[in-house]
Amino acid sequence: MIEYILIFWATYFIGFFVAYVISERLVVPFGLFDVKVFNCRKCCTHWTLTALYGSVSLAMGSWILFICGMIITFAQSYCFYYTEKEKGL
């Protein structure tokens, strides 16, 4: 059970790092990653975490990991949305 918790949080932090690298370093004007999904940091983080949790849970065969990953992904996306709405961005 402890390995699922470690894998859950490792996937979460790897997802944040990968989304940062994609949205900040790989996006150049008129490049391959110059689309809305990769430009927007909250969108990129959401879809990166969704893909990572889906693939890791599929590889491990764990529905619990998938459900918990989707819950934390949607909660984090809502928090990003709410914070930007409060700031007026």
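The figures that follow rest on heavy atoms only: side chains count, while hydrogens, waters and symmetry mates do not.
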Trainee: Who passes side-chain hydrogen bond (donor to acceptor under 3.5 Å, both in side chains) against Y20, sequence neighbours left out?
Mentor: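 Expected list: R25.
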Trainee: In chain order, what residues pass the side chain to side chain contact (heavy atoms under 4.5 Å, CB included) check against F16, with sequence neighbours excluded?
Mentor: Y12, T45, L49, Q76, F80
Trainee: According to the salt bridge (Lys or Arg N to Asp or Glu O under 4.0 Å) rule, which pairs have a member within residues 51-75, sequence neighbours left out?
Mentor: none
Trainee: Taking only residues at least two apart or on different chains, which pairs with a member in residues 53-65 satisfy salt bridge (Lys or Arg N to Asp or Glu O under 4.0 Å)?
Mentor: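 Residue pairs passing salt bridge (Lys or Arg N to Asp or Glu O under 4.0 Å), neighbours aside: none found.
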Trainee: For a quick test of your reading: what N or O donor-acceptor pairs under 3.5 Å do the side chains of residues 1-11 make, sequence neighbours left out?
Mentor:
from	atom 1	to	atom 2	distance (Å)
E3	OE2	M1	N	3.4
T11	OG1	I7	O	2.7

Trainee: Indicate the atoms forming the closest heavy-atom contact of L52 with G15, along with that distance.
Mentor: CD1-CA, 3.4 Å
Trainee: Which pairs with one or both residues in residues 56-72 pass salt bridge (Lys or Arg N to Asp or Glu O under 4.0 Å), sequence neighbours excluded?
Mentor: none
Trainee: Using the side-chain hydrogen bond (donor to acceptor under 3.5 Å, both in side chains) criterion, which residues pair with S77? Sequence neighbours excluded.
Mentor: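 Here the qualifying residues are H46.
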Trainee: I'd like to check the side chain to side chain contact (heavy atoms under 4.5 Å, CB included) partners of C40; sequence neighbours left out, ordered by chain and number.
Mentor: K36, K42, C43
Trainee: For the atom pair OG1 (T48) and CZ (F17), what is the distance rounded to the nearest 0.5 Å?
Mentor: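 Separation between the atoms: 12.0 Å.
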Trainee: Is there any salt bridge (Lys or Arg N to Asp or Glu O under 4.0 Å) pair reaching into residues 4-20, and which pairs are they, with sequence neighbours excluded?
Mentor: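 Of all non-adjacent pairs touching residues 4-20, none passes salt bridge (Lys or Arg N to Asp or Glu O under 4.0 Å).
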Trainee: Listed by chain and number, what are the salt bridge (charged side-chain N to carboxylate O under 4.0 Å, His left out) partners of E24, not counting sequence neighbours?
Mentor: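 With neighbours one apart ignored, the set is R41.
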Trainee: Side-chain donor-acceptor contacts of residues 58-74 below 3.5 Å, not counting sequence neighbours, with atom names and distances?
Mentor:
from	atom 1	to	atom 2	distance (Å)
S62	OG	L65	N	3.2
T73	OG1	G69	O	2.7

Trainee: Report yes or no: do F13 and Y53 belong to one cluster of Ile/Leu/Val/Met/Phe/Trp/Tyr joined by side chain heavy-atom distances under 4.5 Å?
Mentor: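 Yes, it is one cluster - the side chains of F13 and Y53 are joined through contacts under 4.5 Å.
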